[in-house]
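Note that these values count all heavy atoms, side chains included, but never hydrogens, waters or copies made by symmetry. Residue numbers start from 1 in every chain, and the chains themselves are labelled A, B, ... in the order their sequence lines are given, proteins ahead of strands. This one's a predicted model, so the numbers in the text were calculated from it and none came from an experiment.
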Amino acid sequence: MVRVRFAPSPTGYLHIGSARTFIFNWLYARRNGGTMILRIDDTDVERNTEASLNSIYDGLRWLEMDWDEEYRQSDRIELHKKAAWAIFEAGHAYRDFTPATNTDDEATSANSTRGPWLCNPGMRELTAEESERRAAAGEPFVLRFRVPRGEGRTIAFADSVYGEQSKSADDVEDFALLRSNGMPTYHMASCADDADIKISHIIRGQDHLSNTFKHILIFEALKAEIPQFAHLPLLVAPDGAKLSKRKHGPVVSVTTYRDAGFLPHSYVNFLCLLGWSPKDNREQMSRQELMESFSLAGVNRSNAVVNFSEEDPIDPKAIWLNSQHLRVWPVDELAPRVKAVLAAAGLAALEPESQYQWVVDTIRSRFFTLNDFATKGRAYFADDFPMQPEAVVKLDAAPARELLRELAVRIEALPEFSEASVEAALRALAEEKGVKAGLLINGSRAALTGQTVGPSAFAVFAALGRERVVKRLAAV
RNA sequence: GGCGCUAUCGUCUAACGGUUAGGACGGAGCCCUCUCAAGGCUUAAAUACGGGUUCGAUUCCCGUUAGCGCUACCA
């Protein structure tokens, strides 16, 4: 019975690395008929905000992800405390009355040349009586795990991604379970919950790989079954540093990609390719294909760089992949999404629906994001659209303007308006005037769309309809 | 500093110890064409370094270097 969880702490918007972790968990659950659990790790009251909680929901909803069970750690603090004291009762934890040290003072902690910190002097050896007495006297303490020491104990586990892992218990410090205010630490709360809700596979970022040794100790002390672990390589910036909002800005937030006009399943596809491969050269994959192909064995071990820069704030491969999905996505599913983007830009879809969908289908092959429909595609949905300088150049190529106005007259007089009839009329006019058809074809595109690039000019005629075509050509 | 992890084109990645080290994005070039950041084709571009093991290492082992993570009463 596969039970996996994604456990974000709501201290910021949904990060793309977190989103990928969710996706891998979700894929694993769906692939194996398991249960996907969302657990909000909101025990850090100082940093939690309602806004970031909403951003997590928004992000997951946008990615079209779902889950089967949901928990909130703040509802379960009593359970965590109980678990901590059970560990204490079993003799695997002790009270440490050492006052909190100033963590800003780096010389006293991590960079000390005196060697690794393992525990505070004297506290492990306190007698039960003295420990009780000082606690009863109201002296503050943290509850620390009593890590087996000097017994030659090796903690080992087989990570589904990183393989056999082991570490001497002598290298693991006596980490805290309960703070001096009685509140559980992350390690305590997380493991107590994982044990309680019977998580079978913990799939999470590689930044927890070293923490896993502590977690195994906790699971053992709780007499809980130890889950299978799978750590995921991290997503990093081009300089190799961990992605952070302060340093790297909006690239790290999934809302950036939503707002940039990405298709959710395309962005999911992109995220999956960062650190995972189906190993058969496929890249563009539907959600169904991802579900069928995903396996932890396909996850690799080195960090993946999200390739962005000043000039290209979004990874070019993400954009390319989106364009590929944009081209093949069923039009009837794409059309409503385009409609939403148009509406946001104050534009209305065309009537009837069949014509609208035909236009969407016609113009999408040159677009990269949904937003392109409202920008590059504006001329198809509105009469006010910008004229590119290159388009003006095309029109200024004499005798383009004069002939386009003549073309307007002829199109208006056409007994029947269609791609074929317009083409015939245009070619006849060109021949008559002794100019190349290209002059009128390219001139038409420029006059009708304000652009020199786009679909076949005859498709443009059909997309706009006779009325707009005549109006725009006559007005050149 | 201690401990853990990682190392293939610029980027994402593929390669039961035996391949001309493959694919994709991006770059360059060509073709097609009524235009195009569309499509088709071509091309440049990588096994971090040094030692082993082996008939043969991208692949296994050791070391070096570099990067990342943990080393908090953060998560």
Quiz item: Could you give the CZ-to-P distance, from A/Arg327 to B/rA37, as a whole number of Å?
Solution: 13 Å

Quiz item: Does a side-chain N-to-carboxylate-O contact under 4.0 Å join A/Arg95 and A/Glu139?
Solution: no

Exercise. Could you list by number each residue of residues 426-445 of chain A showing a heavy-atom separation from RNA chain B of less than 4.0 Å, or answer none if no residue does?
Key: A/Ile441, A/Asn442, A/Arg445

Exercise. Just jot down the salt bridge (charged side-chain N to carboxylate O under 4.0 Å, His left out) partners of A/Lys394, sequence neighbours excluded, or say none.
Key: none

Quiz item: What pair of heavy atoms forms the shortest contact from A/Arg401 to A/Asp396, and how long is it?
Solution: NH2-OD1, 2.7 Å

Quiz item: Do the charged groups of A/Asp372 and A/Arg366 touch, with an N to O distance under 4.0 Å?
Solution: no

Exercise. Sort and list the pairs that fulfil ring-ring contact (aromatic ring centres under 6.0 Å, His included) and have at least one residue in residues 421-455 of chain A, not counting sequence neighbours.
Key: none

Quiz item: Would you say a side-chain N or O of A/Gln165 is under 4.0 Å from OP1 or OP2 of B/rC5?
Solution: yes

What are the atom names and distances for every N/O pair under 3.5 Å that joins the protein to nucleotides 30-32 of chain B?
none

Exercise. Dump the intermediate steps for ring-ring contact (aromatic ring centres under 6.0 Å, His included) on A/Trp276 and A/Phe294, then the final yes or no.
Key: CA-CA 8 Å; A/Trp276 172 81; A/Phe294 185 78; 5.7 Å; yes

Practice problem: Would you mind reading off the distance between A/Arg47 atom CZ and B/rA72 atom C1', rounded to a whole angstrom? | Solution: 12 Å

Self-check item: Same-atom distance (C1') from B/rC25 to B/rA37, integer angstrom
Solution: 14 Å

Self-check item: Sub-4.0 Å heavy-atom contacts from residues 138-160 of chain A onto RNA chain B, ordered by number
Solution: A/Val142, A/Arg144

Exercise. Please measure how far the C1' atom in B/rC9 lies from the corresponding atom in B/rA44, and state the result in whole Å.
Key: 10 Å

Exercise. Might you point out which heavy atoms bring A/Thr212 and A/Arg204 nearest each other, and give the distance in Å?
Key: OG1-NH1, 3.2 Å

Self-check item: Strand partner of B/rC49, provided both Watson-Crick or wobble distances fall under 3.5 Å
Solution: B/rG63

Self-check item: Cationic N near anionic O, under 4.0 Å, A/Asp174 to A/Arg149
Solution: yes

Self-check item: Whole angstrom value for the distance that separates P of B/rC70 from CZ of A/Phe213
Solution: 14 Å

Quiz item: Just checking, A/Arg134 and A/Phe97: is the charged tip under 6.0 Å from the six-membered ring centre and within 45° of the axis?
Solution: yes

Exercise. May I ask you to check whether A/Tyr94 and A/Phe88 place their ring centres under 6.0 Å from each other?
Key: no

Are there any protein N/O atoms within less than 3.5 Å of an N/O atom in nucleotides 62-69 of chain B, and if so, which ones and at what distance?
from: B/rC68; atom 1: O2'; to: A/Asn303; atom 2: ND2; distance (Å): 3.4
from: B/rG69; atom 1: O2'; to: A/Asp207; atom 2: O; distance (Å): 3.1
from: B/rG69; atom 1: N2; to: A/Ser210; atom 2: OG; distance (Å): 3.3

Quiz item: Once you round it to whole Å, what is the distance between P of B/rU8 and CG of A/Asn300?
Solution: 10 Å

Exercise. Quick one: look up who B/rC9 pairs with, Watson-Crick or G-U, both distances under 3.5 Å, and put none if it's unpaired.
Key: none

Quiz item: Starting at CG of A/Asp171 and ending at P of B/rU71, how long is that distance when rounded to a whole Å?
Solution: 15 Å

Self-check item: Identified pairing partner of B/rA38, criterion: Watson-Crick or G-U wobble below 3.5 Å
Solution: none

Quiz item: Partners of A/Lys247 by salt bridge (charged side-chain N to carboxylate O under 4.0 Å, His left out), sequence neighbours excluded?
Solution: A/Asp239

Quiz item: Is the closest side-chain heavy-atom distance between A/Ile202 and A/Arg5 below 4.5 Å?
Solution: yes

Self-check item: Partner nucleotide, any strand, of B/rC32 [Watson-Crick/G-U, under 3.5 Å]
Solution: none

Quiz prompt | Pairing nucleotide - B/rG27, Watson-Crick or G-U, each distance under 3.5 Å | solution = B/rU43

Exercise. Only counting residues at least two apart or in another chain, list the ones meeting salt bridge (charged side-chain N to carboxylate O under 4.0 Å, His left out) with A/Arg445.
Key: none

Quiz item: Does A/Arg72 pair with A/Asp75 as a salt bridge, N-O distance under 4.0 Å?
Solution: no

Quiz item: Which residues pass the salt bridge (charged side-chain N to carboxylate O under 4.0 Å, His left out) test with A/Asp196, sequence neighbours left out?
Solution: A/Arg76

Quiz item: At under 4.0 Å between heavy atoms, what does A/Ser309 touch on the DNA or RNA strands: base, sugar-phosphate, or nothing?
Solution: nothing

Quiz item: Between A/Pro233 and A/Ser365, which is nearer to the 5' end of RNA chain B once each is assigned its nearest nucleotide?
Solution: A/Pro233

Self-check item: Salt-bridge present (A/Arg410, A/Glu406; N to O < 4.0 Å)
Solution: yes

Could I get a table of every N or O pair under 3.5 Å where one atom is in the protein and the other is in nucleotides 24-27 of chain B?
from: B/rA24; atom 1: O4'; to: A/Glu283; atom 2: OE1; distance (Å): 3.1
from: B/rA24; atom 1: O2'; to: A/Glu283; atom 2: OE1; distance (Å): 2.3
from: B/rA24; atom 1: N3; to: A/Lys317; atom 2: NZ; distance (Å): 2.8
from: B/rC25; atom 1: O2'; to: A/Lys317; atom 2: N; distance (Å): 3.4

Exercise. Provide the distance between the two C1' atoms, one in B/rU54 and one in B/rC12, to the nearest whole Å.
Key: 33 Å

Quiz item: Can you check the A/Phe458 CZ to B/rC36 P distance for me, whole Å?
Solution: 16 Å

Quiz item: Looking for any heavy atom pair under 4.0 Å, which part of the strands does A/Ser302 touch: base, sugar-phosphate only, or nothing?
Solution: sugar-phosphate

Quiz item: Is the centre of the A/His265 ring less than 6.0 Å from the centre of the A/Phe270 ring?
Solution: no

Quiz item: Whom does B/rU20 pair with, Watson-Crick or G-U wobble, provided both distances fall under 3.5 Å?
Solution: none

Quiz item: Strictly under 6.0 Å, is that where the ring centroids of A/His187 and A/His215 end up?
Solution: yes

Exercise. State yes or no: are the ring centers of A/Phe213 and A/Phe157 separated by less than 6.0 Å?
Key: yes

Quiz item: To the nearest Å, how far apart are A/Leu321 CG and B/rA37 P?
Solution: 21 Å

Quiz item: Which whole-number value in Å describes the distance from A/Glu390 CD to B/rU35 P?
Solution: 16 Å

Quiz item: Of all of residues 450-457 of chain A, which get a heavy atom below 4.0 angstrom from RNA chain B, listed by number?
Solution: A/Thr452, A/Val453, A/Gly454, A/Pro455, A/Ser456, A/Ala457

Quiz item: If you look at every strand shown and take non-hydrogen atoms under 4.0 Å, does A/Pro10 touch a base, only sugar-phosphate, or nothing?
Solution: nothing

Pairs under 3.5 angstrom only: tabulate donor-acceptor contacts from the side chains of residues 422-431 of chain A to other protein residues two or more places apart or in another chain.
from: A/Glu423; atom 1: OE2; to: A/Arg427; atom 2: NE; distance (Å): 2.9
from: A/Glu423; atom 1: OE2; to: A/Arg427; atom 2: NH2; distance (Å): 3.1

Quiz item: What is the base-pairing partner of B/rC70, counting Watson-Crick and G-U wobble geometry with both distances under 3.5 Å?
Solution: B/rG2

Exercise. Could you check which nucleotide pairs with B/rA15 in any of the strands shown, counting Watson-Crick or G-U wobble with both distances under 3.5 Å?
Key: none

Quiz item: Which nucleotide in the list B/rC36, B/rA14, B/rC12 gets nearest to the side chain of A/Val305?
Solution: B/rC12

Quiz item: Reckon A/Gly275 touches a base, only the sugar-phosphate, or nothing at all at heavy-atom distances under 4.0 Å?
Solution: sugar-phosphate

Quiz item: Can you find a donor-acceptor pair, distance only, under 3.5 Å between A/Arg301 side chain and B/rC5 base?
Solution: no

Quiz item: Should A/Arg39 and A/Asp194 count as an ion pair when the cut-off is N to O under 4.0 Å?
Solution: yes

